[in-house]
Structures are given as C-alpha cells and as structure tokens.
Peer 1: 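Once you've had a glance at the structure underneath, I'll fire off some questions.
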Protein chains: 2
Amino acid sequence: MSFQTAAAAASIKCGDCPIRHRAVCSRCETDELRELDGLKYYRTIEAGQTIVWSGDEMDFVASLVSGIATLSQTMEDGRTQMVGLLLPSDFVGRPGRAEAAYDVTATTDVTLCCFRKKPFEALMMRTPHIGQRLLEMTLDELDAAREWMLLLGRKTAREKIATLLAIIIRRDASLHLQADGGALEFDLPLTREAMADYLGLTLETVSRQISALKREGVIELRGKRHIVIPDLDRLIEETGDDSDGGVLT
Amino acid sequence: MSFQTAAAAASIKCGDCPIRHRAVCSRCETDELRELDGLKYYRTIEAGQTIVWSGDEMDFVASLVSGIATLSQTMEDGRTQMVGLLLPSDFVGRPGRAEAAYDVTATTDVTLCCFRKKPFEALMMRTPHIGQRLLEMTLDELDAAREWMLLLGRKTAREKIATLLAIIIRRDASLHLQADGGALEFDLPLTREAMADYLGLTLETVSRQISALKREGVIELRGKRHIVIPDLDRLIEETGDDSDGGVLT
DNA sequence: TCCTGACATTGATCCGGATCAACTGGATGA
DNA sequence: TCATCCAGTTGATCCGGATCAATGTCAGGA
C-alpha cells in the first residue's frame, strides 16, 4: 500500500495557501496559479458549522486549505449518510452546477480558499489542463465512492472500522507520525457519531468495535481520539481487502 | 420526477449504432461522430459472460449499444457488490487508465461499440467538448454512486427494492410501456441474485420483499420477471426518498 | 470546587435480514 | 413423457447490529 498522499506532495503553493490546489495540474500550474491568485478569497468556518446545505445556491468553488469537512445526505426522517470526507487540498463544488447536491459540514475549524464560479469556469475554458485535471480528480472520487459502496453493502462492522482507520492513515499523512518501532499514531478527526454516519452504523456499534479492536491489541487508545497502530499489517488484515493493498493503492 | 432518459433522447445516431454516443456532446456531434465512425468496431457478448475482469489490460473504450451489463467488485471470500448498472448508451472504460478497475459482466446479450483507446484519447485531446462531456458524465455517475451509498448505508430492504425499481423505470424508458390507466409495466433486466448484489442483500431477502410488495398491491407480478406498477406514486413513497422526486430528479 | 454538557462506553434486549433448507414451477432436452 | 436444471419462493432459525438505557470521562465555566 502506498502512503504517498496529497498532503505529502504539498510542496507547490499558490500564493499564501499552504496547500497545493489539485484542480490545477502540475504541467500548467505556474501560469494558471498566477491567474487564480487574482480570483481567490479566503473563508473560515468554525467546527460544527455547515458550510453549504444541499440545495443552496453555490456561486463558488474552493480548495480546502486546513481542517476537515464532510459531505453528507439526509433523509426526511433524519437518517444520514456521509458520502465524502474532505481533507486539505481537496476540491469543493462543481463547475457547471448551480446548486449544492450535499450538505458540507466542518468537523473541525476549516479554512477554504474560494474562487467565484464564473471566473473559475472561464479560466477552465481557456485552460484545457484544468478540465482534464478535474476529470482525473472526479474519476478518483468515483473510484473512492465505489470502494465505499463495497464497504457499505458487504463489510462487517469490524471490517468497516478497520477500513476507515486505514483510509484515514492513507489519505492524510499529516495526521499521523511514524513513531519508533514501526508504530503509527494519529488523532481521529471524527467523532464516533460522524464515523457511524460514514460507515452506515450506529455510534454504539462504532464504540463497541473500537473497544474490541483495542482489547485484541490491533489498536491502542490514548484518550478517546488518539490512536496508536502497533502493526499496520495487522490492521489491514482486518479490513477484508486484499492484503497487498489492492484497491487501496 | 422526470422520466426523460438517455434512451428517449436517442434520436442522434452515429453510423449504424441505434444509440446516441453520449461521450460526444450535441454541440460537436456532427463532425466528431464522422471521425468516430472511422475508429469504431462492434463486439457482441453473450448473456452471463464477463466482458473484462478487474485488473485486465483494457485497450478500448466503448458505448453500450444494446443489452445490459453490470460493474462489480468481489472480495477474496466471494462477497460481491455491484457498483454500476450499464444500460444502452452508457459509456464503458476510462481514458487515461490502462487497467479495468471492476468486473464488467453482461447480464443479457450485449453489443458494444468499441473505440481503440489510443485514437480515442487523441480525438479527445483535439476536441475539448468530448472531455467536457466526459466530465459531465463522470459527475453524474458520481452523484449516482453517492445516492447509492445512502441506499446501502441507511435504507431498509423494502426501501432498497422500491428504489431499485424506481431507478430502473427512470433510467430506461425503453424497458417499460405506459399502459392504459396510468399503469406502467416492464421486464426486470436482473435476476434476484443480481438485484441482491446491487442492493447489498441476499437473494432470499430480495424475493421476500418483492413478495411483500406484491401482497400489498404496490406491484403486480406476471411471471417472475414482468412487473406491473399500478401506481407509481405509491411505489415512490416506498423508496424513502423525498416524494417530490428530490435527488432522483 | 462543583456543575454542566458533550462525547464516549457498556449493558440488556430486540429485530431485520442472513443463513440453512425444503420445495415449486417452468424451460430444455434426451 | 419424464428427468434435469435453474431461478425463484417460502419456512425455520440464527445472529449481528440496532435500540433503549444507564454510566463514565473530561473540559470549560460559574
């Protein structure tokens, strides 16, 4: 499994942003980032606040600069399902669509680097590489969504938890620190309830399964959120995925 | 809810194909379809055959001309989850990716209109509209996948069945005929097992829920596959979705 | 210092869907 | 005409995760 992540590759910057704007491909970034610099503005959102509601008019697209946000859908009776997890450098919004299709909620304090949609779309038209890059990113998200469908439809609660931990580790290298002896540790960026909404479980089941993994030594807990993985391979075995990394790679 | 579908809009043809190639946008189709005509070849696959296996080298992309195919993922122990349903005019394959990420299986006899990947990609580079159209199609698929995540994570077995029926009705107008009195009928293009793999259920549960819907008059069965919907609104109520169509629209 | 409220854990019980198993009804073909 | 073979149905039972409820933990504030 490869732990090369967007955050790890964040060496190329746009103005003040500490992240790389992935909507801009590396081949064209020098020129286009200069143009983007003129368009952008920053927006900060507190933990717990909803950034946009499904159905809202959305006149901007954005890159997530810092913090963590979620995409979710809610049924009339309140059942909710998270459909995406946004980490720094991820893209929010959709050129060519006026209304938000999902609720976007900040789970930690969040900074967005926003671009008004109209000029961004114009830039996209002038710059085929950006559209191409967006297509690549969308295809990656589609793969991730389908991977998640397998998880939701066919995995057990224990496998779901292990998979979520593996995905968090893989996607955000900045969250974890490689300790000595191969152990890996990081802070969970989600509450038990948010994890449950992501995994299609209840928060009690999430809590019980985390306790079970702890009891069996697959993970260690320091406090409620800080997780230590003594043996990553052991965790990966619990995910139910191909042990060689397979689709996770 | 809108029942305008791809099949209903299939008036614009490419050579012999009775479908519209949706990867080509309507603005540019005259010129580019002429070019595509030179590239394409047909391929037929029997019901039950797998067209490509996950991991296979794939040197073509294609439009589905007739029949029905599925995209699915399988875990080592055999648990499988369908992640996509391909109907006529849908696009198969991925420019810029060498290996298939999913198993593609024909559930009925299938005809593909294939394009070798290299020349198709070259055409894409010359023709920004095609890339744009592909981005739109991919975004639509992403929305469908996320809709499906809500279904897999949070809906009951009964809601899942009702939703699948509603989606089949919505997506392929050619499958159903509006009978007199507002009733709607069509043949199910999937076995109970395929439905189960799509919905994250077992085939027994699918069968039981279909029987229950029949018993309660939400649907009628003529034979095992032919379904009559006496009252579409009644069915939609069972899906758990917003009654105004909501995200299904 | 204690109170409060948010988050998390744990226990007891319930239930929806899985599992195991028997059976039915067509279609196919010897 | 009858054996065979699926796809589908139905029944009995089981079990994983949901639900309901009580308790624990800890940070922040009066």
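By convention in this document, chain letters (A, B, ...) are assigned in the order of the sequence lines, proteins followed by strands, and residues within each chain are numbered from 1.
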Peer 1: Quick one: B:I161 CD1 to C:dG16 P, roughly how many Å, whole number?
Peer 2: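 Distance, rounded to whole Å: 16 Å.
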
Peer 1: I'd like to know if the side chain of A:S207 pairs up with that of A:R192 as donor and acceptor (distance under 3.5 Å, no hydrogens or angles considered).
Peer 2: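 A:S207 vs A:R192: no donor-acceptor pair found between side chains.
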
Peer 1: Quickly work out the B:E204 CD to D:dG8 P distance and round it to whole Å.
Peer 2: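 Value for this atom pair: 12 Å.
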
Peer 1: Could you work out which one of D:dG17, C:dA18, C:dA8 sits closest to the side chain of B:T205?
Peer 2: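 Closest of the options to the side chain of B:T205: C:dA18.
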
Peer 1: Between A:R158 and A:E238 (salt bridge meaning N to carboxylate O under 4.0 Å), is one present in this structure?
Peer 2: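 Salt bridge: yes.
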
Peer 1: In whole Å, I'd like the distance from the CD1 atom of B:I219 to the P atom of D:dT9.
Peer 2: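 Distance check: B:I219 CD1 to D:dT9 P gives 9 Å.
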
Peer 1: Base, sugar-phosphate, or nothing: which does A:G48 touch, judged by heavy atoms less than 4.0 Å apart?
Peer 2: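 No contact at all - A:G48 keeps every heavy atom at 4.0 Å or more from the nucleic acid.
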
Peer 1: Given C:dT9, D:dG8, D:dG17, identify the nucleotide with an atom nearest to the side chain of A:L201.
Peer 2: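 So the side chain of A:L201 is nearest to D:dG17.
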
Peer 1: Describe the nucleic acid contact of A:T202 in one word from base, sugar-phosphate, nothing, applying a heavy-atom distance below 4.0 Å.
Peer 2: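 Base, at least one base heavy atom under 4.0 Å.
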
Peer 1: Looking at the side chain of A:Q209, which of C:dG17, D:dC20, D:dG17 is the nearest nucleotide?
Peer 2: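 Nucleotide nearest to A:Q209's side chain: D:dG17.
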
Peer 1: Is a donor-acceptor contact shorter than 3.5 angstrom present between the side chain of A:E193 and the base of C:dC7?
Peer 2: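 A donor-acceptor contact between them is absent.
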
Peer 1: Round to the nearest Å and state the distance from B:R222 atom CZ to D:dG8 atom P.
Peer 2: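 So the CZ-P distance, B:R222 to D:dG8, works out to 18 Å.
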
Peer 1: Would you check, one step at a time, whether the test side-chain hydrogen bond (donor to acceptor under 3.5 Å, both in side chains) holds for A:T80 with A:D197?
Peer 2: CA-CA 6 Å; A:T80 89; A:D197 284 342; 3.2 Å; yes

Peer 1: Just how far, in rounded Å, is C1' of D:dA27 from NE2 of A:H226?
Peer 2: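 Taking NE2 of A:H226 and C1' of D:dA27, I get 19 Å after rounding.
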
Peer 1: Send over the distance from A:R208 CZ to D:dA18 C1', rounded to a whole Å.
Peer 2: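 Spelled out: CZ on A:R208 to C1' on D:dA18 is 9 Å.
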
Peer 1: Does B:R225 have any side-chain hydrogen bond (donor to acceptor under 3.5 Å, both in side chains) partners at least two apart in sequence or in another chain, and if so, which?
Peer 2: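 side-chain hydrogen bond (donor to acceptor under 3.5 Å, both in side chains) check on B:R225 returns nothing, list empty.
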
Peer 1: Which residue, B:S211 or A:R158, contacts DNA chain D at a nucleotide closer to its 5' end, judged by nearest heavy atom?
Peer 2: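 Mapping each residue to its closest nucleotide by heavy atoms, the 5'-most match is B:S211.
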
Peer 1: Salt bridge check, B:E159 against A:R79: does any charged N sit closer than 4.0 Å to a carboxylate O?
Peer 2: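 A salt bridge is present here (some side-chain N lies under 4.0 Å from a carboxylate O).
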
Peer 1: Which is true for A:R225 with a 4.0 Å heavy-atom rule: it touches a base, it touches only sugar-phosphate, or it touches nothing?
Peer 2: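 Sugar-phosphate only.
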
Peer 1: Starting the side chain at C-beta, find the nucleotide from D:dT9, C:dC7, D:dG17 nearest to B:S207.
Peer 2: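 So the side chain of B:S207 is nearest to D:dT9.
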
Peer 1: Separation of A:L203 atom CG from C:dG11 atom C1', in whole Å?
Peer 2: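 Whole-Å distance recorded here is 15 Å.
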
Peer 1: How many Å lie between CD1 on B:I210 and P on D:dG8, as a whole number?
Peer 2: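 Taking atom P of D:dG8 as the reference, CD1 of B:I210 is at 9 Å.
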
